[in-house]
Amino acid sequence: MSSRAFPPDFLWGTSTSAHQVEGGNDNNDWSEWEEIPGRIHDGTRAGRACAWWAGMAEEDLALAARLGQNAHRLGLEWSRLEPEEGRFDDAAFARYARILDRMRELGLRAMVTLNHCTLPRWVARAGGWECGAAVTWFARFARKCLEALGPRVQLWVTLNEPAAVAGAGYAMAEWPPGRGNLFAGLRALSIMLRAHAAAYRTMKDIDPRCTVGIVVNAPLLEPDRARVADRIVARLQDWSFLGAVIHALETGVLLPPLRAVPKRIPFLRRSFDFLGLNYYGRYAVRFDAREQQRLFGRHVQSPTVRGAVVDWGQVSPSGLTRQLLRHARLRVPLYVTENGIANGPDTVRSGFVRDHVAAVHEAIQQGADVRGYFHWSLVDNFEWSEGWAPRFGLLSLDLATQKRELRPSADAYAAICRANALEP
Ligand code: BGC
């Protein structure tokens, strides 16, 4: 392997999630949330989104393949597949089967996420991730997906960023269900981890050879200053958001603050064949007694990449190397399952991609078993509480006409994918 080449079989792709690209869904918690004035910062809704459900998935994926990509991370929408409790929709399964078949024809290996931020309305009404029954419901859903789509999928992801969902929707009130209660957040997170474990066990029981992992958000959280108070809150944020979740996955035990008293979760221990890391940037954490909801740490890094509500942090490729090396000790393959930047004019994305791919390369050189990189995202899509303002796509999207255009960064990324190396 030359100094900047990647291992053979390295996966190069992009990531999408169902609700953000599919369009035309009014049966999940987000579609309900979007109807409430003020919830989506720019007042938009997912609406038709990128019209993937209506047929555009195949076209965009064909373009991804032409751009040298050999994989795609696709999300399934639970509310389509199980619109009412216990009623599974064959037509919806058939639609995903067609998309996955097309991906195979295009030479795109499939990483499929079972749950990416949305819940069917019937689950949400029962209390969403605060409802203990969600564990069984999710495991049953996972079984159905494996039975219906199994041979078409190389890598399964149970949940995307459980700590982010529990934080934004339950501990805070930025996402549905808008609970704004720290204890609700902790309960939701522990139920999500139980649901993950139950889904993992169920899938492995049906097909021991299927490969199942989980995706966490792995920002780099560093003390702003050398002061003890900054160091403590940075560690506390990192532990609560990431460390405790990884510890739980590794040992099967939820420690404080996830539970007041340590608790072992059935089947959770080492319930992942691989780990996906979503990485956007670095935060400088400064102690601030008023920031109760954020465990007394304010994020003060400058410059930073910020939307109206979301702060994606400071661009810091070396942080990605560090997070990969930190998780390499888990001794499972690692994937960068998301990494990208909101940059509609595309002035910085090409450099961002190259620098982060170089950071992945560096981690591999230092011994991390990284098997793939999925850029967020293939095409501009609905960015949750930010609406349509942030533009993350290698392809730009004109929402009204559904016209796509390649951004220059799409070519920059294509050169890397085709060469399987940083320098062709
Ligand atoms: C989420 C994506 C989101 C991206 C950019 C990630 O944490 O998984 O759904 O679009 O961040 O904000």
Side-chain angles (χ1 to χ4, degrees), residues 13-23 25 28-31 33-34 40-42 44-46 49-50 52 72-78 111-119 157-169 171-172 174-176 189 192 196 213-221 241-242 245 275-283 299 304-315 319-320 323 335-344 348-349 352-353 356 373-395 397:
T14 51
S15 263
T16 50
S17 92
H19 187 70
Q20 292 177 274
V21 295
E22 286 181 352
N25 184 350
N28 65 13
D29 55 348
W30 268 89
S31 57
W33 187 252
E34 290 158 27
I40 307 302
H41 190 264
D42 64 2
T44 56
R45 299 166 68 158
C50 312
W52 273 34
H72 184 73
R73 178 175 171 227
L74 181 84
L76 303 182
E77 177 58 41
W78 187 358
M111 178 185 278
V112 169
T113 312
L114 292 173
N115 182 266
H116 195 127
C117 303
T118 58
L119 287 174
V157 171
T158 54
L159 300 175
N160 182 69
E161 300 187 4
V165 171
M172 296 191 283
E174 285 161 16
W175 285 12
L189 183 52
M192 289 176 91
H196 156 78
I214 185 166
V215 166
V216 296
N217 188 328
L220 187 70
L221 291 151
F241 192 67
L242 179 60
V245 172
L275 182 69
L277 298 183
N278 291 351
Y279 178 82
Y280 288 85
R282 166 190 180 271
Y283 299 88
H299 294 162
T304 195
V305 183
R306 198 189 282 282
V309 227
V310 180
D311 182 354
W312 289 282
Q314 184 169 39
V315 174
L320 178 55
Q323 291 295 36
Y335 291 87
V336 177
T337 35
E338 287 180 32
N339 171 241
I341 186 162
N343 180 224
V348 299
R349 188 176 288 100
F352 180 98
V353 171
H356 284 82
Y373 172 89
F374 293 81
H375 190 74
W376 184 274
S377 184
L378 177 56
V379 53
D380 289 342
N381 56 56
F382 180 69
E383 185 48 45
W384 307 117
S385 52
E386 295 276 339
W388 283 92
R391 298 285 170 150
F392 276 92
L394 295 171
L395 311 179
L397 173 76

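Basis for what follows: all heavy atoms, side chains included, without hydrogens, waters or symmetry-related copies. Ligands are counted one by one from 1 in listed order, and the atoms in each one are counted from 1 as well.
- Protein residues with a heavy atom under 4.0 Å from ligand 1 are Gln20, His116, Asn160, Glu161, Asn217, Asn278, Tyr280, Trp312, Glu338, Trp376, Glu383, Trp384, Phe392.
- Here the side chains of Asn160 and Cys117 are in contact, with some heavy-atom distance below 4.5 Å.
- With sequence neighbours left out, the ring pair (Phe, Tyr, Trp, His ring centres under 6.0 Å) criterion links Trp384 to His19, Trp30, Trp175.
- Ring planes of His375 and Phe352: perpendicular class, angle over 60° (limits at 30 and 60°).
- Remark: Asp42 pairs with no residue by the salt bridge (Lys or Arg N to Asp or Glu O under 4.0 Å) rule, at least two apart or across chains.
- Not counting sequence neighbours, the partners of His299 by the ring pair (Phe, Tyr, Trp, His ring centres under 6.0 Å) test are Tyr283.
- Taking the six-membered ring for Trp and thresholds of 30 and 60 degrees, Trp312 and Phe392 have ring planes more than 60 degrees apart, a perpendicular arrangement.
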